[in-house]
There are 2 protein chains.
Amino acid sequence: MKNIHIQIEVSKELYTKNPDSSELGRKIISSSIELINEIGFESFTFKKLGATINSPESSIYRYFTNKQALLIYLTSWYWTWTEYRLVFAMTIVASIDERLNKCIEILTQPVEVDDDISYVNEILLSEIIFAESLKAYHTKNVDEQNKIGCFEAYKSVVQRVSDIVLEIQPDFEYPHMLISTIIEGAHQQKYFSEHLPALTDKVKDKKAINSFYTELTWNFLKSTTRN
Amino acid sequence: MKNIHIQIEVSKELYTKNPDSSELGRKIISSSIELINEIGFESFTFKKLGATINSPESSIYRYFTNKQALLIYLTSWYWTWTEYRLVFAMTIVASIDERLNKCIEILTQPVEVDDDISYVNEILLSEIIFAESLKAYHTKNVDEQNKIGCFEAYKSVVQRVSDIVLEIQPDFEYPHMLISTIIEGAHQQKYFSEHLPALTDKVKDKKAINSFYTELTWNFLKSTTRN
DNA sequence: GCAGAAATGATAGTAATACTATTATCTTTG
DNA sequence: CAAAGATAATAGTATTACTATCATTTCTGC
């Protein structure tokens, strides 16, 4: 995957004007990723973003109807890109068990190297996803947004990994529940370790959360196989 | 537990004036529970709440500094009350295994009967907890709020159930991770089943989420015991 | 039953947010 | 080089999230 520039296509429903189509649009994306990381999504406003990129907020509104739409765009970009990462990882891993392990690793650990040469900083973006992505769909407008396809990239990733689970164990009843529990759980455990450590456990190394969910998964799958 | 009126004491840090100490305070709590359920926490404002109880919003501000403080109060009330439920349940269940099962049941299923005669509707409150409680601690002020003890009730519940896990298996490394994964996971799976069903699995009955997390837990604990 | 205190009501006002609208200027591109 | 399209500059509105003031009601001890 190194040095290969992948063009991530984000569904047209997620923006008013495609930010990938102009200099200003790309600046909006790259600067918003930095700014959200710095001050958090709640404090983030289009006015502040405009100030950092020296453009009026009205120009930003031409790309996104509001800041939540921008967050949905970012999460969608992330999940589309993560699906590429998954697909690529599957091509170089032979055994089905190792494939699932690799998937869990990708889903539970923040990105640490920015391979891609583009205006999207994938390390910071993955931080945003871990810390704030639940704010993209925990809103009063979920149902409408879901209807127009705002969350298809995320669903697609869950489906893909669920399929691998089913390949390992075709009669498993809760593949999607398991995978979404792992993804959301890993995000939350990281948040807890940083802000509410009493809700998680002291972790020796960075891989602890990954280990936890990997073990959890295999114990679950192995046991139901035996029955 | 039937017909026993339990006085839930909420920590003084969570309010400006104790809502339990006056008629208006109790009206604020009971009406906010109904209103948040109706319109969701995001659309909920003190102005709207004032309109429904025929009091000016400034009077509500005498009890809570803002709507987020009120949500923290509600979640704290819920977890304090849930700890009573857990303690009570433990007294009538003999075996340690059955105790853990009962805990998981209490943590993963919304409340269905309102036993208590009080101004708090526990059924609606549990709906709020499942749907919105993560908004209580997923904010820019978590750290300060955590410092003054806003989340002690939740932590206490996680600790209590973690202790049961450790009683079953003293060398288990991730009891808190497991319990908070179960609690938050159950909340999210319910949300997904209502709004983003592609992220979960078709569930036959109301107990499906409970069954999933119960199985998950026992498979995890049984297997590490064997090692 | 009444003075004083405390709580509540009524009303007004402010700063920030989340937009929308308009017009001017710059920048492409045919 | 002219027309189209994009962006900048500026202004304005509605709502939210508060704070402040003062009048009125209610409570409480004597």
Side-chain angles (χ1 to χ4, degrees), chain A residues 12 14-32 35-36 38-74 119 132 135-136 138-141 144-145, chain B residues 12 14-32 35-36 38-74 119 132 135-136 138-142 144-145 150:
Chain A
K12 281 194 298 237
L14 304 183
Y15 48 75
T16 311
K17 179 180 156 82
N18 190 350
D20 197 41
S21 71
S22 75
E23 190 59 33
L24 178 62
R26 288 185 290 270
K27 240 164 74 183
I28 287 171
I29 298 304
S30 61
S31 295
S32 67
L35 191 54
I36 292 171
E38 265 176 57
I39 64 177
F41 184 66
E42 285 156 281
S43 301
F44 171 85
T45 68
F46 279 0
K47 197 168 192 177
K48 289 176 187 169
L49 177 60
T52 69
I53 63 172
N54 289 310
S55 281
E57 51 176 340
S58 55
S59 292
I60 302 165
Y61 277 104
R62 281 202 289 276
Y63 289 85
F64 297 102
T65 54
N66 51 51
K67 70 172 182 173
Q68 209 233 332
L70 195 158
L71 182 61
I72 290 177
Y73 178 92
L74 292 179
Y119 59 94
E132 323 259 22
K135 290 170 190 164
H138 253 284
T139 66
K140 49 182 169 177
N141 313 312
E144 306 162 38
Q145 286 163 338
Chain B
K12 280 194 300 242
L14 303 182
Y15 48 75
T16 310
K17 180 182 156 79
N18 191 348
D20 197 40
S21 70
S22 74
E23 189 59 35
L24 178 62
R26 289 184 290 271
K27 239 163 76 182
I28 287 170
I29 298 305
S30 61
S31 294
S32 67
L35 191 54
I36 292 171
E38 264 176 57
I39 65 177
F41 183 66
E42 285 157 281
S43 300
F44 172 84
T45 68
F46 280 180
K47 196 167 193 178
K48 288 177 188 168
L49 177 60
T52 67
I53 63 173
N54 288 310
S55 282
E57 51 175 341
S58 56
S59 294
I60 302 165
Y61 277 103
R62 289 202 191 91
Y63 289 86
F64 297 101
T65 53
N66 52 51
K67 72 173 182 171
Q68 209 231 331
L70 195 158
L71 183 62
I72 290 177
Y73 178 93
L74 293 179
Y119 58 94
E132 322 258 23
K135 290 168 192 165
H138 253 284
T139 66
K140 49 181 168 176
N141 313 311
V142 221
E144 308 163 36
Q145 287 163 337
C150 288

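Chain identifiers are assigned alphabetically (A, B, ...) following the order of the sequence lines, protein sequences preceding nucleic acid strands; residue numbering begins at 1 within each chain.
The two residues A:S32 and A:L70 have their closest heavy-atom pair at OG-CD2, 3.5 Å. A:A136 approaches A:L71 most closely through the heavy-atom pair N-CD2, 3.7 Å.
Looking at residues two or more places apart in sequence or on another chain, you find a side chain to side chain donor-acceptor pair (under 3.5 Å) between B:Y63 and B:S22. Looking at residues two or more places apart in sequence or on another chain, you find a side-chain contact (heavy atoms from CB on, under 4.5 Å) between B:N66 and B:Q68, B:A69. Partners of A:E42 according to the salt bridge (charged side-chain N to carboxylate O under 4.0 Å, His left out) rule, which considers only residues two or more places apart in sequence or in another chain, are A:K135. Considering only residues two or more places apart in sequence or on other chains, A:S21 meets the side-chain contact (heavy atoms from CB on, under 4.5 Å) condition with A:K17, A:N18. A:F64 meets the ring-ring contact (aromatic ring centres under 6.0 Å, His included) test with A:Y73; sequence neighbours excluded.
Distance alone, capped at 3.5 Å, places no donor-acceptor pair between the B:S31 side chain and the B:I28 backbone.
When heavy atoms are screened at a 4.0 angstrom cut-off, B:K47 is found touching no nucleic acid atom at all.
Of the residues near DNA chain C, A:S58 and A:T45, the one whose nearest nucleotide (by heavy atom distance) lies more toward the 5' end is A:T45.
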For residues 44-51 of chain A, which side-chain donor-acceptor pairs fall under 3.5 Å, sequence neighbours excluded?
{"residue": "A:T45", "atom": "OG1", "partner": "A:K47", "partner atom": "N", "Å": "3.4"}
{"residue": "A:T45", "atom": "OG1", "partner": "A:K48", "partner atom": "N", "Å": "3.1"}
{"residue": "A:K48", "atom": "NZ", "partner": "A:S43", "partner atom": "O", "Å": "2.7"}

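Sorted by first then second residue, the salt bridge (charged side-chain N to carboxylate O under 4.0 Å, His left out) pairs that include residues 22-31 of chain A, not counting sequence neighbours, are A:E23-A:R26.
On the nucleic acid side, DNA chain C contacts chain A at distances under 4.0 Å to non-hydrogen atoms, with the end points of that region at C:dA18 to C:dA21. Taking 4.0 Å as the cutoff to heavy atoms of chain B, we find the contact window on DNA chain D bounded by D:dA17 to D:dA20.
Rounding to the nearest 0.5 Å places CD1 of B:I36 at 7.0 Å from CD of B:E132.
Between B:R62 and B:L24, every side-chain heavy-atom pair lies at or beyond the 4.5 Å cut-off. Proximity of B:T16 to B:Y61: side-chain heavy atoms (C-beta onward) are nowhere separated by under 4.5 Å.
Heavy-atom distances under 4.0 Å link DNA chain D to A:S22, A:L24 of residues 19-26 of chain A, given in residue order. For DNA chain D, the residues of residues 60-74 of chain A within the heavy-atom distance limit of 4.0 Å (strictly under) are A:R62, A:Y63, sorted by number.
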